[in-house]
Amino acid sequence: MKITQLLTEETIILNLSATTKQQVLEELASQLERAGKLADRTAFISAILERESQSTTGIGDGIAIPHAKSAAVKSPAIAFGRSSEGLDFESLDGQPANLFFMIAASEGANDDHLEALSRLATFLMDDKFRTNILAAQSKQEVLEVISAKEASLEEPEEAAENIPADSTQKKILAVTACPTGIAHTYMAAEKLNERAKELGIALKVETNGSSGVKNRLTDEDIAGADAIIVAADTKVEMSRFNGKPVIQTGVGKAIYETDTLLNRAVTGDAPTYKHDKSKDEADAGETKGGFYKHLMNGVSNMLPFVVGGGILIAISFFWGINASNPDSPEYNEFAAMLNTIGGGNAFFLMVPVLAGFIAMSIADRPGFAPGMIGGLIAITVTGVEEASGGSGFLGGLIAGFLAGYVTLLVKKVFAGLPNSLEGLKPVLFYPVFAIAITGIIMMLVNPQLTKVYTAISAFLESLGGTNLVLVGLLLGGMMAIDMGGPINKAAYTFGIAMLDAQNFNFMATVMAAGMVPPLGMAIATTLFKNKFTKPEREAGKTAYVLGACFITEGVIPFAAADPARVIPASVAGAAVTGALVMLFDIGLRAPHGGVFVIGLVDGGVASILMYVLAILIGAVVTAIVAGALKKRVAVAA
């Protein structure tokens, strides 16, 4: 596929009006949207910003290539924008950027699309190509420059990456990889190859991109290599380099500090890489992130049980009938079935699933079974022969982390077994010992955990009046302050934990507060149009829907553009809503769904109306505060 099939006149802006990085991203995304390339502009910008948070896509030499692979993209496309004056894009060389290529890859992008997208990235390494793009007088001329460059290629990329036959030269290998695998991976490879050729260095580069591994380094290549450069911002296979001199760095360094890296490799300034086998087995725990990531892995896999079970339980109470006592005249068999499915099954599995996936995040697959068993003990056993509600969510968290690290320990203990017994480790040694150790520890400590969990639940249930309102104020603010980040997830997870403890006010509070930030900013774009750009006003329309669906992340585009004003406004409105929900004593058994589950609020029509009122008041507070803080836009869009 040709690049000009992805970059068309409809996706080109020869003279950008943007003066900031955020404005560039929004202007190019809007151009893609107008060309019919995006299904959800706001979601796509969020994906672009997430990629930018990992490392800047301003690669230097006046170039920026913001890119993302997202379900928000209808069809793969490229948008191009040019700023003759240049602007600050936080580029690696600290200089202004003039040329902006925004790459939009769909989740289902095929290899042809990905190859074309990556090919553009390599073209931008050519000084003459960049000069011609800068000098182009029309959109058609931009496309002609790109077409001419494509036509000049006479051989595939890999052909230039083979190691020359001269055995007297030092042989250098390299691996490039970036999180998205679209642009930086191939730009780094091109730059390394280009400079190595100029310096007379024998080099072979392996690329780990979205379309897979290309030009893979063979065992023979690695054995004969004098040094290896691993320029990666994501995980690559490292065990194959054990005992070889390896320079590990970020992919951006390979683009901007190419000569330094090559010189280090040639002069032998590279430490010998020693691969720790235990890291392979503990990879899911040691290299995927810390406490928060393990916790979120558990929570995200638990959510279907919580959401499905919670909504079914709420529906079973919707008729206001007795769903548990068959002898009651109000008994309804269908409601009882829903209650059993939701509470007796889905909710029962909630804590074991949480613990199982936390342990799996830490110790990979062998941690899953010990985690599940530990979580099950947490909710059923308070003593060796005594069953009760157990230590609930708290016990599940502890069981998950305990099982994960116990499994890592078991793996280390059995790491020295002969290779002939390797097949028995995952099916015999790991499960038997990890389950036994985790289970015994949980059975010993769970009675005390149950006391702590019961005390915490009793304390929260005893809160009333001003104290309860203050808790609502705090939870509401937490839901808004980082817009779906760790603090938001902590508050939401607390609400889920209280569902397990049969306290439904906290879930009602966090859901209502989480809806406020996007709803508030949407209202602000409607009431204070002169304080928002046209793209922001368009994003406001989407924010109405996202807020109503309890997707707090819908406020991110506004906060990214103006965090000093949007975040305080969001926190203020969400905190007010949280306090009001607690003041009105509103409960909600459904843990997700936003406007779609408001009808399941405990207490009938009066409580539903009060719940809606609390959300609206908070949203209006956010809108008014944002309107008061934000300045009038310089030029009406």
Side-chain angles (χ1 to χ4, degrees), residues 3 57-65 91-95 97-99 101 118-135 145-146 148-178 183-209 214-218 221-222 224-232 244-270:
I3 294 171
T57 57
I59 62 169
D61 294 325
I63 307 166
I65 311 182
S91 298
L92 291 172
D93 61 0
Q95 298 301 309
N98 304 91
L99 303 178
F101 288 87
S118 62
R119 194 158 61 249
L120 170 66
T122 63
F123 287 178
L124 290 167
M125 294 290 96
D126 184 341
D127 292 339
K128 184 178 179 181
F129 178 77
R130 295 198 304 272
T131 300
N132 290 339
I133 291 288
L134 276 170
V145 171
I146 294 171
K149 178 67 175 177
E150 284 193 298
S152 69
L153 297 180
E154 296 180 354
E155 56 187 11
E157 179 182 345
E158 282 85 359
E161 294 189 359
N162 291 325
I163 299 176
D166 184 355
S167 61
T168 64
Q169 285 185 297
K170 285 200 171 183
K171 296 179 175 62
I172 309 301
L173 304 180
V175 179
T176 62
C178 71
H184 287 60
T185 299
Y186 302 99
M187 296 178 77
E190 179 73 9
K191 194 65 178 288
L192 285 166
N193 273 310
E194 177 187 306
R195 291 299 296 148
K197 186 176 181 181
E198 293 172 1
L199 296 170
I201 298 172
L203 177 71
K204 178 177 179 180
V205 184
E206 171 187 297
T207 56
N208 287 235
K214 297 293 179 66
N215 212 32
R216 180 182 287 278
L217 304 179
T218 66
D221 291 334
I222 296 169
D226 293 294
I228 301 164
I229 300 169
V230 178
K244 303 296 292 187
V246 176
I247 301 170
Q248 296 187 66
T249 187
V251 69
K253 297 282 188 181
I255 298 172
Y256 193 58
E257 298 180 10
T258 319
D259 287 4
T260 301
L261 289 175
L262 290 172
N263 288 334
R264 284 186 59 192
V266 170
T267 58
D269 181 17

Any donor-acceptor N or O pair under 3.5 Å, side chains Asp221, Thr218: yes
If you measure from CD on Glu190 to OG1 on Thr207, what distance do you get to the nearest 0.5 Å? 11.5 Å
Looking at CD1 of Ile63 and CG of Asn98, how far apart are the two atoms once the value is rounded to the nearest 0.5 Å? 9.5 Å
What is the minimum heavy-atom distance between Leu203 and Ala174, and which atoms define it? CD1-CB, 4.1 Å
Measure the CZ-OG1 distance between Phe101 and Thr57 for me, rounded to the nearest 0.5 Å. 13.0 Å
Interatomic distance, Arg130 atom CZ to Asp61 atom CG [nearest 0.5 angstrom]: 4.5 Å
Has Gln248 got a side-chain atom pairing as donor or acceptor with Val230's backbone, closer than 3.5 angstrom? no
Rounded to the nearest 0.5 Å, how far apart are NZ of Lys149 and CD1 of Ile133? 11.0 Å
Output yes when a side-chain donor or acceptor of Asp226 lies under 3.5 Å from a complementary backbone atom of Ile172, and no otherwise. no
Closest heavy-atom pair and its distance - Asn215, Val205: ND2-O, 2.9 Å
Any donor-acceptor pair under 3.5 Å from Lys214 side chain to Glu206 backbone: no
In plain terms, say whether Arg264 and Asp269 are close enough for a salt bridge, that is, a side-chain N and a carboxylate O under 4.0 Å apart. yes
Side-chain contact, heavy-atom cut-off 4.5 Å: Val175 with Leu173? no
Heavy-atom pair of closest approach, residues Lys170 and Ala202: O-CB, 3.5 Å
Answer yes or no: are there more than 12 heavy-atom neighbours, outside Lys253 itself, under 6.0 Å from its atom NZ? no
Are Ile201 and Val266 packed together at the side-chain level, in the sense that at least one heavy-atom pair is separated by less than 4.5 angstrom? yes
Kindly write out the residues that satisfy side-chain contact (heavy atoms from CB on, under 4.5 Å) with Thr258, not counting sequence neighbours, or none if the list is empty. Lys191, Leu192, Arg195, Leu262
Considering only heavy atoms from C-beta outward, does the side chain of Leu261 approach that of Ile247 to under 4.5 Å? yes
What pair of heavy atoms forms the shortest contact from Ser91 to Gly60, and how long is it? CB-N, 4.1 Å
Smallest separation among heavy atoms of Ile146 and Phe123, with atom names: O-CE1, 4.4 Å
Which atom pair, heavy atoms only, marks the closest approach of Ala265 to Ala227? O-CB, 3.5 Å
